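Start at 1 and go down the list; that is how both ligands and their atoms are numbered. Owing to the predicted nature of the structure, the values given are computational and were not obtained by experimental measurement.
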Amino acid sequence: MKRTVRGALCALLPILCLLLMSCAKAQPSSASFEAMDTLMTLKVYGGDPDTCEKLQSRIEALDALLDATDENSEIFRLNTEKTAAVSADTDALLRDALALCDKLGGSFDITVYPAVQAWGFLSGDYRVPDDGELQTLADHIDWRGVKSDSGAYTVPEDAAVDLGAVAKGYAADRAADILRQSGAEAAVLNLGGTVRMYGKKPDGSRFAVGVADPESPAATFGTLSCDEGVVATSGGYERYFELDGRRYIHILDPKTAKPVDNGVLSVTVVTDSGTTADALSTALFVMGLDKATEYYRHNDGFGFILLTDDDNLYLTENLAGDFTLNTDKTYTVNTIRKAL
Ligand code: AMP
Ligand code: MG
């Protein structure tokens, strides 16, 4: 009898070991750190044991290259010296960002930097420039003035570039390269407003991404259920100041050099590429509801959720089955259809 029990245990042992190993594997490794002016959290299932460290150092290295306010960054050097040779990463992102400026027709422009500076969004010394100053600033916003020649870039004398609207998205794409190389099974990389989902979760469930509530950004107003891809949100609540009862936000209209004031509170974009998701969320915010709707009707491969200050929530039809509201607040939910 005893021998039978021992025999059965011996037979079960490999199965038990396998079960324990699969449980251990299902536990993700994680990291949390500050980069690109925001808190980032990484959760990785499977892959090499040092994947999180590799992801963190890749993102920090990109931050060091791209941060326009850092005197040692390549973008700072380009903005001050006006002509500079740049690394492969800065070159790739500048190239993608300029193509997006072209595609997004005036709502997205990486040469808004002097205007962002003039409003005090970088120093925290907030001010409202007068009309004359705004006109001069607006006259100098034009991405077409940025020229490239085999890895070297030139910006006009009165212009400067700011990759703040796309840096997190680009970092999310490069992070995905590392996940692929490390053999990771799945990952959720929350790069502060830009969330990259990778692979398939060990339990087979879809990823769930909370969308920040613009009125209390630490909470969410809804959840998006999604597969591999990127969810990026642009919100006025992320950086703003108030003066004489008016709120001035950090997202500027390139045509006027003024903070956007079109009733939009936030835009969340779902698509495959991080750089595109990040640029699109900023651009659709600037466009406002009507132009964003038009853009959706004429372009494929993405969906968006747009919240307005009159408690309306607009959702493109391709996301309708993936979004669940989870707030006590009442929103009027409107579906944006591809075809009228
Ligand atoms: P995001 O939070 O991704 O929407 O990016 C906003 C940041 O991008 C701002 O803090 C500015 O540095 C910069 N920015 C503001 N307005 C624009 C714009 N219209 N096009 C490109 N970059 C912008
Ligand atoms: Mg953006």
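- Of the candidates T233, V286, D109, the one placing a heavy atom closest to atom 21 (C) of ligand 1 is D109.
- Both the sub-6.0 Å distance and the 45° axial angle are not jointly satisfied by R196 relative to the ring of Y198.
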Between R144 and D142, is a salt bridge (Lys or Arg N to Asp or Glu O under 4.0 Å) present by the stated rule, with each step listed? CA-CA 5 Å; R144 290 173 193 83; D142 188 359; 3.0 Å; yes
Assess the residue pair D109 and K255 against the criterion (salt bridge (Lys or Arg N to Asp or Glu O under 4.0 Å)); give the C-alpha distance rounded to whole Å, side-chain angles, the decisive distance to 0.1 Å, and a yes or no. CA-CA 9 Å; D109 194 314; K255 291 187 194 74; over 6 Å; no
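- Ionic pairing of K329 and D213 is not present here: no N-O contact between side-chain nitrogen and carboxylate oxygen is shorter than 4.0 angstrom.
- Atom numbering of ligand 1 starts at 1 in the shown order; those under 4.0 Å from a heavy atom of D162 are 11 (C), 12 (O), 13 (C).
- Contacts between A232 and ligand 1 below 4.0 angstrom, taking non-hydrogen atoms only, are absent altogether.
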Before you tell me yes or no, could you show the steps for R58 and D63 under salt bridge (Lys or Arg N to Asp or Glu O under 4.0 Å), namely the whole-Å CA-CA distance, both residues' side-chain angles and the distance that decides it to 0.1 Å? CA-CA 9 Å; R58 181 79 168 101; D63 192 10; over 6 Å; no
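- Contact check on D89 versus R174 returns no salt bridge, with no Lys/Arg side-chain nitrogen under 4.0 Å from an Asp/Glu carboxylate oxygen.
- The shortest distance between side-chain heavy atoms of K291 and L284 does not fall below 4.5 Å.
- Interface atoms of ligand 1 facing D278, defined by a heavy-atom separation under 4.0 Å, are 3 (O).
- The closest protein non-hydrogen atom to atom 10 (O) of ligand 1 is H250 ND1, 2.8 Å.
- Note: an N/O pair closer than 3.5 Å links L252 and ligand 1 by distance alone.
- Salt bridge absent: K201 and E185 never bring a charged side-chain N and a carboxylate O closer than 4.0 Å.
- In E71, the CD atom is not crowded: 12 or fewer heavy atoms of neighbouring residues, nucleotides or ligands sit closer than 6.0 Å.
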D227 vs K200, salt bridge (Lys or Arg N to Asp or Glu O under 4.0 Å): CA-CA, chis, key distance, verdict: CA-CA 7 Å; D227 304 313; K200 280 211 178 306; 5.1 Å; no
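- Environment of CG in N299: crowded, with over 12 heavy atoms of neighbouring residues, nucleotides or ligands closer than 6.0 Å.
- When hydrogens are left out, the protein atom nearest atom 1 (P) of ligand 1 is T282 OG1, 3.4 Å; that is the closest non-hydrogen contact.
- Near P254, meaning under 4.0 Å from one of its heavy atoms, ligand 1 places the atoms 19 (N).
- With hydrogens left out, the protein atom closest to atom 22 (N) of ligand 1 is A165 CB, 3.6 Å, a heavy atom.
- Not a single heavy atom of A279 lies less than 4.0 angstrom from ligand 1.
- Applying the 4.0 Å criterion to heavy atoms of V112 picks out, from ligand 1, the atoms 14 (N), 17 (C), 22 (N), 23 (C).
- Near I251, meaning under 4.0 Å from one of its heavy atoms, ligand 1 places the atoms 4 (O), 15 (C), 16 (N).
- The N/O atoms of S234, backbone and side chain alike, include one that comes under 3.5 Å of an N/O atom in ligand 1.
- Residue-level proximity to ligand 1 for E238 is carried by the side chain, the only part with a heavy atom below 4.0 angstrom.
- Distances from the Mg ion (ligand 2) under 2.8 Å pick out these protein N/O/S atoms: A165 O, D278 O, D278 OD1, T282 OG1.
- Within the 6.0 Å centre-distance limit, the rings of F323 and F221 are counted as a close aromatic pair.
- Each of the atoms 20 (N), 21 (C) of ligand 1 lies under 4.0 Å from some heavy atom of F108.
- Ring planes of Y248 and F241: parallel class, angle under 30° (limits at 30 and 60°).
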